[in-house]
Number of protein chains: 2
Amino acid sequence: MNKRIEKMAENRAKLIVAAREAFADKGYSAASMDDITSAVGLTRGALYHNFGDKRGLLAAVVDQIDSEMALYAQNVGAQAADEWEGLLAEGTAYIEKALEPEIQRIVLLDGPAVLGDPSQWPSQNSCLQTTKQTVEGLISRGTLKNIDSEAAARLLNGAALNAALWVAASPTPKDVLPHAIEAFQALASGLLKKPV
Amino acid sequence: MNKRIEKMAENRAKLIVAAREAFADKGYSAASMDDITSAVGLTRGALYHNFGDKRGLLAAVVDQIDSEMALYAQNVGAQAADEWEGLLAEGTAYIEKALEPEIQRIVLLDGPAVLGDPSQWPSQNSCLQTTKQTVEGLISRGTLKNIDSEAAARLLNGAALNAALWVAASPTPKDVLPHAIEAFQALASGLLKKPV
DNA sequence: ATATTTCACATACTTAGCGTATGTCAACTC
DNA sequence: GAGTTGACATACGCTAAGTATGTGAAATAT
């Protein structure tokens, strides 16, 4: 029973997949809603019914990607030797993830422009929450200086984000990436109470 | 003589002013070119002749703002006691500048989304160049660790930028700003060879 | 089991705004 | 002062977002 809500969820998922592809490929504004819907055998009617408007669709896509990234970052962080290494690992993982064109285009470029500041997103930017928690743990354990955890998390993410943009846009990403990671870890070490 | 190029420069300037206002107010995509031109008694013909397309207009606006910011940052940095203090001062100046809605909307949100990575802009992001030079000076003097100067500059700017976005979006910017600045300075100190 | 309602989605239409092709008149050239 | 250039205006087409309305299958009621 309830074949309708089942079908609806299925269509929503299909639309998000199609939108994700189109947004990544052409960018938000150049991606047409007719193309997205017809790619999965639906019409704009379905889109407006499910997501309200084009922004709503982008929000749904961003939310999905964001969740995936947070999950990934958490896994990477959990595998590190200690929590401090975990923070560094999370950061570099973030940089590497952000090298994917899809992430850049949708989450780092179009997302903020269309939806506004990431920290205000309904998805709450789960990625940010992850690092914030790690930072808090490290502060309470006396590893890090006693600074505002949200501030630290935001700046770390911002640094990593720009590092990724820079690396991706460079003609030789492979050569530049190590420099970016090195710089990131140097900056992060500024948060340590007792410098290495 | 040459009344024509004079008039043209004047019109260009007027259009940039109008565009700057419209972009800051409504955002890039919502700002209509008809509105911009009619606001200064011209038509879209003038706009397309001078800037090629809408993107070209945004590029011109961004270029102007960027130059202003670089000039400001340099002045602030030059007034500091030493070069290290100058770097910190530049960073906080950047954060404070980025609190202006105009800067945020045009340079930090719409700019990257429409024009792509800032470091590839024709204006070369003069602001970035300024910090890069400061960093190089500090490295050669042995104050900072020997890391890639461009990487350091990019990450510092990125951190500052996100700090500004965060502060501006917060319900109580005044209270949050000091935390942002504190975190920024902590991060920056990670670049120091001999920690304070 | 049939009638009724609901609602997920389709269809048709309106409108806004970018880009382009063409026109025009003042400013420079010869 | 006739010809040419070029900065800008005018007019048009086209794409694409949003909206209002239609439709048929699934859920519910009788």
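Note on naming: letters A, B, ... go to the chains in the order of the sequence lines (proteins, then strands), and numbering restarts at 1 for each one.
Straight-line distance from the NZ atom of Lys7(B) to the C1' atom of dC28(C): 16 Å, rounded to whole Å. Residue Met33(B) contributes atom CE, which lies 11 Å from atom P of dT20(C) at whole-angstrom precision. When rounded to the nearest whole Å, the span between CG of Asp35(A) and P of dC14(D) equals 18 Å. In this structure, the CD atom of Glu10(B) is 14 Å from the C1' atom of dC8(D), given to the nearest Å. Rounded to whole Å, the distance from CG on Leu47(A) to P on dT11(C) is 14 Å. Protein atom CG of Asp34(B) is 15 Å distant from nucleotide atom P of dT20(C), rounded to whole Å. Following rounding to the nearest Å, Phe51(B) (CZ) and dA7(D) (C1') show an atom-to-atom distance of 13 Å. Here the C1' atom of nucleotide dG17(C) and the CG atom of Asp53(B) are 14 Å apart, to the nearest Å.
Atom CG of Leu115(B) is separated from atom OH of Tyr28(B) by 7.5 Å, given to the nearest 0.5 angstrom.
Judged by distance alone with a 3.5 Å cut-off, no donor-acceptor contact links the side chain of Arg44(B) to the base of dG17(C).
Each salt bridge (Lys or Arg N to Asp or Glu O under 4.0 Å) pair with one or both residues in residues 71-89 of chain A, not counting sequence neighbours, appears once here: Glu83(A)-Arg141(A).
Comparing dC8(D), dC18(C), dA17(D) by their closest approach to the side chain of Lys54(A) singles out dA17(D). Each of dC8(D), dC18(C), dA10(C) was ranked by its minimum atom distance to the side chain of Thr43(A); first place goes to dA10(C).
Listed by chain and residue number, Asp35(B) satisfy the salt bridge (Lys or Arg N to Asp or Glu O under 4.0 Å) test with Lys26(B) (two or more places apart in sequence, or in another chain). In this structure, Glu21(B) has no salt bridge (Lys or Arg N to Asp or Glu O under 4.0 Å) partners at least two apart in sequence or on a different chain. Listed by chain and number, the residues in a side chain to side chain contact (heavy atoms under 4.5 Å, CB included) with Asp148(B) are Trp166(A), His179(A), Glu150(B), Ala151(B) (sequence neighbours excluded). Listed by chain and number, the residues in a salt bridge (Lys or Arg N to Asp or Glu O under 4.0 Å) with Arg20(B) are Glu68(B), Glu102(B) (sequence neighbours excluded).
Annotation for Cys127(B) and Ala70(B): closest pair N-CB, 3.8 Å, computed over non-hydrogen atoms.
Taking 4.0 angstrom as the limit, His49(A) places none of its side-chain polar atoms (N or O) nearer than this to OP1 or OP2 of dC9(C). Proximity of Asn50(B) to the phosphate of dA7(D): no side-chain N or O atom is located under 4.0 Å from OP1 or OP2.
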Please write out the pairs of protein N or O atoms and N or O atoms of nucleotides 22-27 of chain C separated by less than 3.5 Å, giving the distance to one decimal.
residue: dA27(C); atom: N3; partner: Arg4(B); partner atom: NH1; Å: 3.4

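With the nearest nucleotide of DNA chain D identified for both Ser29(A) and Met8(B), Met8(B) has the one nearer the 5' end.
Residue contacts for Ser32(A): at a heavy-atom cut-off of 4.0 Å it reaches the sugar-phosphate backbone alone, with no base atom in range. Residue contacts shown for Ala31(A) are limited to sugar-phosphate atoms, with no base heavy atom under 4.0 Å away.
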